[in-house]
Amino acid sequence: MAHILEERQNQVSTAGANERTIDCNKASLAGSVSQRACVFCGSRVVLYPISDALHLIHGPIGCAAYTWDIRGSLSSGPELHRLSFSTDLQERDVIFGGETKLYSAALELIKAHKPNAAFIYSTCIVGVIGDDVERACRMLEAETGIPVIAVEAPGFQGSKKDGYKVACESIFKLVGRVNNPIPAKSINILGDFNLAGELWILLEYYKKMGVHVNATITGDGRVEAISNAHNAALNVVQCSGSMNYLAKLMKDKYDIPSMRVSYFGIEDMSDALYDVARFFKDDDMMEKARILVKEEISRMMPALAWYKERLTGKKAAIYVGGAFKAISLVKALRLIGVQSVIVGSQTGTPEDYELIKKLCDEGTIIVDDSNPIELSHFVKEKQADIFIGGVKERPIAHKIGLGFCDHNHERKEPLAGYEGMINFAKEIYATAMSPVWKFTK
Ligand code: SF4
C-alpha cells in the first residue's frame, strides 16, 4: 500500500489473514492531513446543542465562522445555540491582549440574551497571547450571577478528541449546581446530539418503558437539567468517544455508573433498551421493552427485506468519528445486504478495533485516523458503491464519483432508533442505486 505514509503503516490493517494490531489513540502524524478537526472544534461540537447557553468564541472571526451552526441539533425550546458570537480578535488585541474586549463583549451579550449559562471558548491565538480567560469568567460570573465557564481549547493543543475532553470538563463544572428531586429510575443520556430530532425518538422509547430521562447531554440540552445530572441513577453513553470522560468524572465524584450503548441499527438499539431495563432489575420495565422491540421489528422487517433484496452485493466504505458508531453501521448494513469493505474512525481505541476486526469479513480494510489520499485509494481498491461519513468525507466520495451518505453533524433525517434504521436503508438505497453514478465511472 504505497499511498500510506511509512509512519502510518501500523494504523491500517486488513481483517483476516494479514491483520495486525492497530496502532491508535495517538496524535495525528504531521503532514498526513488528518480528517480530524482541531481541539476548539471538538469542544464546540459537543457543547453546541446546549440551547439556553451563550456560546462566545474568543478568537478571530474565522474560528466562529468555521463552527457556526455546526450541527443539525434541534431544540424543543430556546435556540440561542444556533447563533455564533465572536470577540473578533484583531492585530491590536493580539499585541495588547484581548481580555478587556472579551469581558465587555460577554457582558453585553449576557445582558442582551439572558442565557442560563455562558461558555467562553479559547482558540489558538488566545493560547499564544495568554489571555487569562478563567479570570474573565470568574469576574463575569460574579457580575451576572450565571455560570460562566472557560472552555480552554486552543486548536493547536491536540486534535478533536482532546476537545471532547475539554468539553466534558466544562460540562462537569455545571453538574451539581442544583438539587431538584427526580424519580428513582432516572437516566441521563450522554452523547446524543439530537440531530434531526433523534433524541426525541429515544425519549419516546424510554417513556414507554417507564424510564425517566433527567438530563440530555448535550442534545436539546438545558443548563438546569445538566446542573441536576448528578441525581440520576445511570449515565447511558452513546457517542463514547466524546462522552466517556464525562461519565468517568461523574462516576468518580458522584458514584453514578454508566453503560455504553448505540442507537443505530436494530440489534444495538434493542440492546440499549434491554440493558437499561436490566440495570434497574425491573421485570415490568423489561417486559415493556420486549413489547416495544417486538412491535417495532415486526413493523419494519417487511420494508427492510425489500431493501435487502435490492441492495445485496453492494459494498460500503465507512469512515466516521467514533468507532462505536462504525461498529453499529457494519451491523446495520449487513441487515440490508451491504458488505462493509472499509471501516475506519478518527478516535477508535484498541478494543474498538479488535471488535471491528472480529465483526468484519475477511479482506475489509480497517483504518485509524485516515486522510483523503488513503481513503480515496481504499475506496477505489475495494470498489465501494457508497461512502458513509461526515462533512469532510463528502467531497472525497463525490470527486471519485461515488454515492455518499451523511452520518454526521449536518444530516436532516434521523438515523437513530427503529424509524432511523428505515430512513438509513432508504437513504442507502436511493444513493447507491441512483442512475447518476453510471455517468461518473
Ligand atoms: S485550528 Fe485554531 S485557528 Fe483554526 S479553527 Fe481551530 S482554534 Fe481556530
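We're numbering straight along the sequence, starting at 1. In listed order, ligands and their atoms are each counted from 1.
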| Once the angle between the rings of Phe387 and Phe404 is folded into 0 to 90°, is it parallel (under 30°), tilted (30 to 60°) or perpendicular (over 60°)? | tilted
| task | Using the six-membered ring wherever Trp is involved, compare the ring planes of Tyr263 and Tyr206 and label them parallel, tilted or perpendicular (cut-offs 30° and 60°). | result | perpendicular
| Side chains of Asn231 and Asn179: is there a donor and an acceptor less than 3.5 Å apart? | yes
| request: Quick one: name the protein N/O/S atoms under 2.8 Å from atom 8 (Fe) of ligand 1, chain by chain. | output: Cys63 SG
| request: Determine, counting only non-hydrogen atoms of the protein, whether one lies under 4.0 angstrom from atom 4 (Fe) of ligand 1. | output: no
| said: For Lys101 and Asp131: C-alpha separation, side-chain torsions, deciding distance, then whether salt bridge (Lys or Arg N to Asp or Glu O under 4.0 Å) applies. | reply: CA-CA 11 Å; Lys101 193 175 186 183; Asp131 278 354; over 6 Å; no
| Intermediate values then yes/no, side chain to side chain contact (heavy atoms under 4.5 Å, CB included), Glu393 and Gln35 | CA-CA 8 Å; Glu393 286 77 43; Gln35 297 288 91; 2.9 Å; yes
| query | Which atom pair, heavy atoms only, marks the closest approach of Glu419 to Tyr205? | reply | N-OH, 3.9 Å
